[in-house]
Amino acid sequence: MKRFEHTSATSVQDAVRLLSVQNARVLAGGTDLVMLMKEGLLATERVVDLKAIPGLDRIQQDRGEIQVGAMARLADVAASGLLIEKAPALAQAAAAVATPQLRNMGTLGGNVAQKVRCWYYRDADRADCYKRNGSYCYAIFGQSDLHAIFDGAACFAVSPSDTGVALTALDAKMVIAGPEGHRIVPADGFFVGPDTDYLRETVLAQNEVLTEVRIAESDLATKSVFLKAAQRKSIDFARASVGVAIAGGPVVQRARIVLGGVAPTPHHATLAEEYVTGKRLDADVIAKAAALAVEGAKPLRSNAYKIQLAQGLVRKALTRLAA
Amino acid sequence: MNEPEITPRAPLDAEAAGAPPDEPISRRRLVAGGIAAIGAAAVAAATFGRAASAVTSQLPLSKAVVVSDPSLCVGCLACEVNCSTWHASVGRSAEPRIRIMATSQVKLRAELAAFLPSRSGYTPATCKQCPTPWCVENCPTDAFLIDPVTGNRYIDEKACIACGKCEVDCPVEWTGTLAHKGEAISSKRVSFDATKNVFTKCDLCIGREGGPICVERCPVNVAIKAGYVRSDTMCLELRAATPEQFERTV
Amino acid sequence: MAKKKLSEKEILALLDDPQFHLAVAEYPTEHQDEIDAIDEYIRRVTPSLAPWVSASNPAETRIVGKRVKRVEDPVRLTGQAMYATDVSLPGMLHAAILRSPHARARIEDIDTSAAEALPGVRAVLTYKNVPTEGGAKTGSNPDRYAVQRDVNFAGEEVAAVAAEDAHTAREALDLIKIKWNVLPSITDMKEALLASAPDLAGTRTGNKTPASAPTKRGDFAAAYASAPIKHEGTYTTTTLQHATLEPYATVVRWDAPDHVTAWASTQYAPGIRSGLAGYFGLPRARVRAIAENTGGGFGSKTGANRDAIIAAVLSKMTLRPVKVAFDRPGNFKAATHRFADILTLKAGVTSDGRLVAYEGFNYGDAAAYRGGASAIVPLQRLYRADNATFTYQGVITNRPPSGAQRCVGDPQGTWAQEIFIDELAEKAGMDPVAFRLKNFETKIDQDTKRTWASCGIVECVEQGAKAIGWQQKWHKPGAAIRGSKAHGIGMAAHACAHGAMSLPMSSVVRIDQAGAIDINQGLTEIGGGQSTTMMMIATETVGASLKDAYPTWGDTGFVSDTGGTWGSRGTISAGSAVRNAALDLKAQLLVEATKPRGSSNKPLLEGKPEDLDTADGYAFLKADPSKRVALKDIVSATGSPMMGRGTHVVPAGVAMSVFAAGFAEVEVDLDTGEITLLRYIATDDLGKAINVLGAEQQIEGGASMGIGMALGEELKFDGPGNFPVNANWENYAMPTALDHPRWADFRPILVEPGDAIGPYGAKGLAEPPTAPPPPAIANAVYNAIGVRIHDAPITSDKILAGIKEKGLRA
């Protein structure tokens with residue numbers, strides 16, 4: 001690992017100030033950042049540690065919103081009674097991340113803002129990967145087991161965040177602090193695909209800090225579910241995941257169906273969302289919605305299984321919410 | 001395969017800073033009688049039934065145009081994204097100047113279908129570097145230029161006033177469905193960038209060492225060069241922009 | 001075939017050759033003539049034990065056969081154990097290794113000037129300054145040096161830097177500039193066999209290794225033609241990595257111009273000693289190898305690998321101690337690997353379900369350095385087939401070195417055979433358990449006609465079937481689907497040559513005046529509980545208490561060579577030597593106890609030595625156990641410590657074979673293709689358990705590795721580039737705790753028929769439990785959803801494809 005300066009921010013404003021130098025990086029749980037630094041994937045001259053900022057890990061209810069601080073540990077998000085009751089998809093997604101050890105270190109903010117896990121991007125020998133400002137994508141002709149079936153554009157790495165899928169399904173708002181103050185971005189607009197910029201994953205600028213996520217208390221958030229399929233029953237990133245939130249019942253008034261692990265950002269299954277709206281979730285409707293959710297998928301060489309997997313997860317999730 | 005060579009040129013910004021050795025050809029210089037000074041072989045040709053004018057018939061052909069072999073395109077969007085990324089990095093419009101159209105007319109070649117059976121039916125398309133560039137002739141501000149060495153027709157975005165004349169003059173379109181998220185498109189290949197309020201088109205990455213980035217970074221091209229895929233042609237490549245070439249290619 | 005004759009000189013040379021011992025442990029049938037000659041020689045020269053002294057009756061043991069907590073564990077559990085990776089010496093330099101990103105390439109030129117100029121860098125090793133003369137090779141098939149110029153697999157070592165600290169060494173790697181000539185490469189065996197494939201190793205053999213003669217009995221073609229039931233199938237396995245918790249690591253210090261000490265992570269400290277001695281042309285006495293603890297070997301650490309060689313070369317260059325510790329990706333890429341195999345099996349069965357014709361063709365991935373990659377032993381052993389032909393052909397590819405991984409090629413053979421047998425049973429209209437029981441060969445090795453010293457396969461299958469509830473749970477394929485969940489059970493049986501005895505087998509057991517027993521044997525303690533086992537055998541045999549002994553291991557400065565800890569040979573091979581040494585000591589103690597001595601000229605115990613026995617630290621009169629004397633008092637009476645010497649040899653005409661079975665119960669999710677392993681029962685014929693606790697742990701560990709091979713482990717290679725893409729913990733899917741059945745449903749069952757040869761009836765154990773889980777789980781998946789998976793591992797993408805094909809889900 002190259003030498004770097006470690007700083008500890010005392011407030012959000014302080015953190016933003018400390019980030020004003022080139023190649024300064026936010027350190028939350030450190031479970032991704034430290035690996036990136038070790039592998040030389042992210043030039044880092046200064047680390048700005050957020051752990052000492054008071055209150056940034058709060059999980060609370062306020063004026064019809066559930067507010068979760070970006071520094072809330074994934075273990076706490078998973079165990080929060082408030083979230084389990086009011087926004088279960090988020091608690092379930094946090095519980096599905098990695099392992100107990102990593103959930104004890106990793107934070108919600110870090111989880112949504114993490115870099116991709118593409119095995120070519122993470123291979124120190126593949127410096128010519130687009131995402132490393134190179135000139136090639138190895139996944140197109142190589143092993144694409146983990147890669148995108150939707151919306152790949154030059155880069156085919158998938159968004160690895162489980163909580164990002166849940167937050168998108170929950171229509172959450174992301175609160176971002178920067179030199180100009182705060183801005184609020186909907187989860188739908190938070191993630192950046194490679195068609196916009198393949199060097200980053202989110203709208204966060206280098207000198208911005210994600211401070212909080214807000215979820216409106218609603219029928220939609222309460223009736224939500226997150227499911228994940230991975231190779232192993234622990235540790236792994238999602239091969240596919242789904243976050244579903246439904247308002248109304250028995251006739252669906254509003255539906256958000258978001259797929260994870262299949263696209264460079266959390267992927268809205270728009271056709272399925274439109275299809276179930278105004279319908280009762282019986283077995284036929286669920287089967288049709290699941291099929292629509294994967295319509296238009298364009299798999300690479302070895303990831304076609306994700307179509308069936310994502311379809312199966314949507315079927316499972318809708319069945320669970322219908323019950 | 002005789003690939004014409006594109007001589008790397010200084011970026012546009014650098015040109016603006018000092019006097020370049022070879023002045024680009026513009027409408028104004030043409031009208032002012034600069035044609036003789038160019039000394040280039042002029043070719044008269046019809047473009048979609050539109051005859052060459054006195055001016056366009058005396059313009060040099062472009063020594064290069066980006067052409068594609070759709071039977072080799074897997075719709076990965078690398079050309080679009082890299083086009084956009086590089087142009088933005090040198091301060092030009094981030095609108096992709098090459099677009100991949102989704103079409104059922106095209107079938108992926110077997111060598112590639114062996115790798116990627118689901119990714120058939122794409123056609124990359126960009127500016128054809130017309131033999132008769134009406135866009136150049138009709139530009140009122142001399143934003144439309146021709147590189148005297150390469151014949152490359154390009155837009156100086158700083159001089160563009162977004163009047164749209166070039167768009168009207170452009171004989172080729174992107175019409176139909178894009179590979180990018182299946183979005184619909186109906187646009188000329190000289191297209192408008194609302195963010196920067198300029199018109200933009202393929203400029204063969206003028207100023208970029210290594211030539212057009214789409215050709216260099218097309219992963220299919222890389223795979224062919226590395227021997228992963230056997231093919232006599234490239235997915236994207238540079239050819240001389242002859243009238244025959246113009247009529248034949250997309 | 002004429003038996004090979006060996007001179008006494010040749011025999012002594014082989015006895016002293018660690019590479020030979022390793023080869024014998026892994027492929028005994030290929031070296032049968034040499035083994036027989038050596039055995040015969042040792043029988044001739046070894047002094048026989050006193051005829052009246054005997055070890056305890058296996059049925060009446062006091063220590064052997066109990067559950068004993070391993071003495072070597074506490075230091076590890078408390079984090080105090082020192083592994084090679086932990087060794088830190090004054091002035092020690094740290095090395096970093098540059099690996100090839102290409103699978104096949106030649107270095108045109110390498111520029112290390114910038115790396116050498118980096119402050120803190122002390123030496124840079126490349127092809128330009130690597131030793132190549134004399135014994136300075138790490139392999140010769142093709143030539144391998146400490147670092148390579150001609151690269152044969154992605155991840156191969158091409159340069160090494162020694163620097164004052166690890167960060168500097170790593171930083172220096174980035175400064176090395178290489179001009180590559182990248183050559184065409186292949187990692188897929190089938191591609192390597194195509195006529196159009198490039199000649200990867202310049203052998204002009206179509207990328208095939210030299211062929212060995214097929215094993216033949218009877219007339220397969222005729223028997224197959226006339227069999228009423230015929231079946232054929234092709235089965236594949238893939239490249240696996242041992243993923244030892246401790247990667248390859250060695251610290252080397254040149255103590256003097258002609259003396260080297262190496263702290264190694266190894267299964268065989270004497271192998272490190274002979275490897276370094278051979279490389280540098282030093283007498284073996286001038287190399288000391290120490291392996292205090294080894295963080296897992298599983299067959300990957302059998303001698304001086306490149307970590308040891310590079311450390312030694314850099315240490316010699318700098319005259320400073322040097323540590324080489326592979327990082328995790330380096331270990332995944334460049335340690336040895338379980339080789340991939342392709343097996344095509346063909347069989348004919350009579351209408352009443354008897355196997356009469358059996359053919360197996362096996363392509364094995366000999367990979368970049370042409371290792372043996374055969375998988376046919378289980379095919380030869382487990383089922384009786386009077387008409388059979390088995391053929392092995394190695395294939396050269398650019399995969400990383402093939403080597404031994406727990407049970408070597410046998411899990412690959414068993415994967416193929418046990419799915420195939422399941423399919424055969426179905427074709428014959430028989431229950432898979434009944435079909436197997438009908439066709440097992442339980443008496444002899446059908447090819448050598450030697451008698452098995454024991455065989456517990458029938459008990460393994462019967463007890464396992466009972467434990468899992470086969471009668472109640474087995475059903476027609478796909479007949480137990482409820483909602484999105486399908487339930488199934490399956491089984492597999494296994495036989496292999498691991499767990500047989502092999503040389504060298506010699507040991508010394510000492511006792512001093514305080515009664516402390518020291519067991520001098522050379523097994524390297526790698527986590528399998530070998531040390532405690534040796535202690536149990538020694539104290540049981542001498543008649544002492546466990547508390548009176550402590551094992552010594554893993555330092556060539558103190559222990560003799562008892563062979564490597566591999567091939568499931570430790571307990572029986574070193575154990576036999578220890579038992580014999582302990583018996584020799586017991587005989588001496590009893591003789592001394594009955595010698596008249598002292599001023600009274602009276603013996604410590606009246607009577608003849610054969611009237612005495614020992615137990616719990618005392619020698620006593622068999623007729624009157626109250627007449628007794630402490631062993632330490634006997635030693636004191638003689639005035640000096642006493643020492644027993646022991647050597648052992650495999651008795652003529654018999655052979656050892658180990659047997660195992662596995663029973664799996666699974667649930668398959670039809671929406672996601674996920675497999676949940678609900679229960680796994682491992683039954684193992686281990687002859688007799690010396691330490692019941694240790695035996696159960698070994699079975700669980702072996703079955704766990706098998707579960708990994710079944711459910712996800714696979715080193716994947718980039719299609720065109722041929723470099724591994726998942727050389728890390730994240731994407732190389734070793735099973736987690738949650739991928740195993742719950743504790744109560746993950747059960748080892750010990751089958752103990754007793755063996756005629758092994759110490760106290762024991763046979764080897766460590767490897768066979770690895771083989772049954774993959775095919776047992778594959779058969780259970782078939783029982784659940786009616787989908788046959790022939791290509792390991794059984795991953796959800798393959799299950800989903802099968803579910804779709806069967807129309808179980810849209």
Side-chain angles (χ1 to χ4, degrees), chain A residues 1-3 35 38-40 98-100 117-120 122-128 136 138-146 160 227-237 239-242 287-288 290-291 300-317 319, chain C residues 98-102 154-155 166-167 170-171 173-174 327 329-330 333 483-484 669-677 708 711-714 716-740 793 795-801 803-804 809-810:
Chain A
M1 201 188 289
K2 299 260 168 69
R3 285 191 171 279
M35 285 304 294
K38 272 177 126 171
E39 297 299 329
T99 64
R117 306 299 309 187
C118 168
W119 49 31
Y120 294 109
R122 298 258 169 181
D123 180 345
D125 287 339
R126 311 297 143 197
D128 48 348
Y136 186 55
Y138 285 88
I140 295 172
F141 290 98
Q143 289 286 353
S144 49
D145 313 23
L146 310 176
L227 296 175
K228 166 174 172 176
Q231 179 154 6
R232 291 172 287 186
K233 300 195 192 308
S234 181
I235 292 184
D236 285 341
F237 287 89
R239 295 255 155 148
S241 67
V242 64
K288 183 81 198 297
L300 297 170
R301 191 184 194 179
S302 53
N303 61 1
Y305 74 94
K306 285 191 176 187
I307 298 175
Q308 209 180 334
L309 186 55
Q311 189 177 347
L313 286 173
V314 172
R315 193 162 47 216
K316 255 191 193 340
T319 306
Chain C
L98 188 64
R99 299 181 179 283
S100 168
H102 307 294
H167 293 293
R170 203 180 142 169
E171 206 175 324
L173 296 184
D174 295 340
D327 58 10
K333 289 173 186 172
S484 66
D669 189 302
L670 301 180
D671 284 326
T672 61
E674 287 167 302
I675 300 170
T676 302
L677 185 55
L711 296 180
E713 288 187 46
E714 172 179 19
K716 290 194 173 215
F717 292 84
D718 176 72
N722 292 315
F723 54 85
V725 294
N726 60 340
N728 53 55
W729 289 126
E730 177 181 340
N731 295 310
Y732 182 86
M734 294 186 69
T736 69
L738 294 184
D739 297 301
H740 291 75
T795 47
S796 59
D797 52 332
K798 294 173 193 167
I799 300 274
L800 283 169
I803 286 169
K804 197 171 185 180
R809 275 289 190 273

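Chain identifiers are assigned alphabetically (A, B, ...) following the order of the sequence lines, protein sequences preceding nucleic acid strands; residue numbering begins at 1 within each chain.
Here the closest heavy-atom approach between residue Asp123(A) and residue Pro724(C) is recorded as OD2-O, 4.3 Å. The heavy-atom pair separating Lys333(C) from Asp125(A) by the smallest distance is NZ-OD2, 3.7 Å. Nearest heavy-atom pair, Thr736(C) versus Ser234(A), reported as atom, atom and distance to 0.1 Å: OG1-CB, 3.8 Å. The heavy-atom pair separating Gly142(A) from Pro720(C) by the smallest distance is CA-CD, 4.1 Å.
Side-chain contact check for Asp671(C) versus Leu313(A): every heavy-atom pair is 4.5 Å or farther apart. Looking at Glu674(C) and Leu309(A), their side chains never come closer than 4.5 Å, going by heavy atoms from C-beta outward. The closest side-chain heavy-atom distance from Asp718(C) to Tyr120(A) is below 4.5 Å. Arg126(A) is listed as a side-chain neighbour of Phe723(C), based on a closest heavy-atom distance under 4.5 Å.
Contacts of Thr672(C) with chain A are made by both backbone and side-chain atoms, with heavy-atom separations under 4.5 Å. Within the 4.5 angstrom heavy-atom criterion, atoms from both the backbone and the side chain of Glu730(C) approach chain A. Contact annotation for Lys2(A): only side-chain heavy atoms (C-beta onward) come within less than 4.5 Å of a heavy atom of chain C. Contacts between Ala733(C) and chain A at a heavy-atom distance below 4.5 Å involve backbone atoms as well as side-chain atoms. Only the side chain of Phe237(A) comes within contact range of chain C, with at least one heavy atom under 4.5 Å from a heavy atom of that chain. Neither the backbone nor the side chain of Arg239(A) comes within less than 4.5 Å of any heavy atom of chain C. Only the side chain of Leu146(A) comes within contact range of chain C, judged by heavy atoms closer than 4.5 Å.
In this view, Ala290(A) and Gln311(A), Val314(A), Arg315(A) satisfy the side-chain contact (heavy atoms from CB on, under 4.5 Å) rule, not counting sequence neighbours. By the ring-ring contact (aromatic ring centres under 6.0 Å, His included) test, Phe141(A) pairs with Phe115(B), sequence neighbours left out.
Salt bridge Asp669(C)/Lys316(A): present, at least one basic N to carboxylate O contact under 4.0 Å. With respect to the salt-bridge test (charged N to carboxylate O, under 4.0 angstrom), the residues Asp739(C) and Arg232(A) do not qualify.
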Report task. Would you check, one step at a time, whether the test side chain to side chain contact (heavy atoms under 4.5 Å, CB included) holds for Asp145(A) with Asn731(C)? Result -> CA-CA 11 Å; Asp145(A) 313 23; Asn731(C) 295 310; over 6 Å; no
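Annotation: maximal heavy-atom pairing with chain A below 4.5 Å, among Asn726(C), Thr676(C), Leu670(C), occurs at Thr676(C).
Judged by distance alone, with hydrogens and angles left aside, the side-chain atoms of Gln143(A) form a donor-acceptor pair with the main-chain N or O of Phe717(C) at under 3.5 Å.
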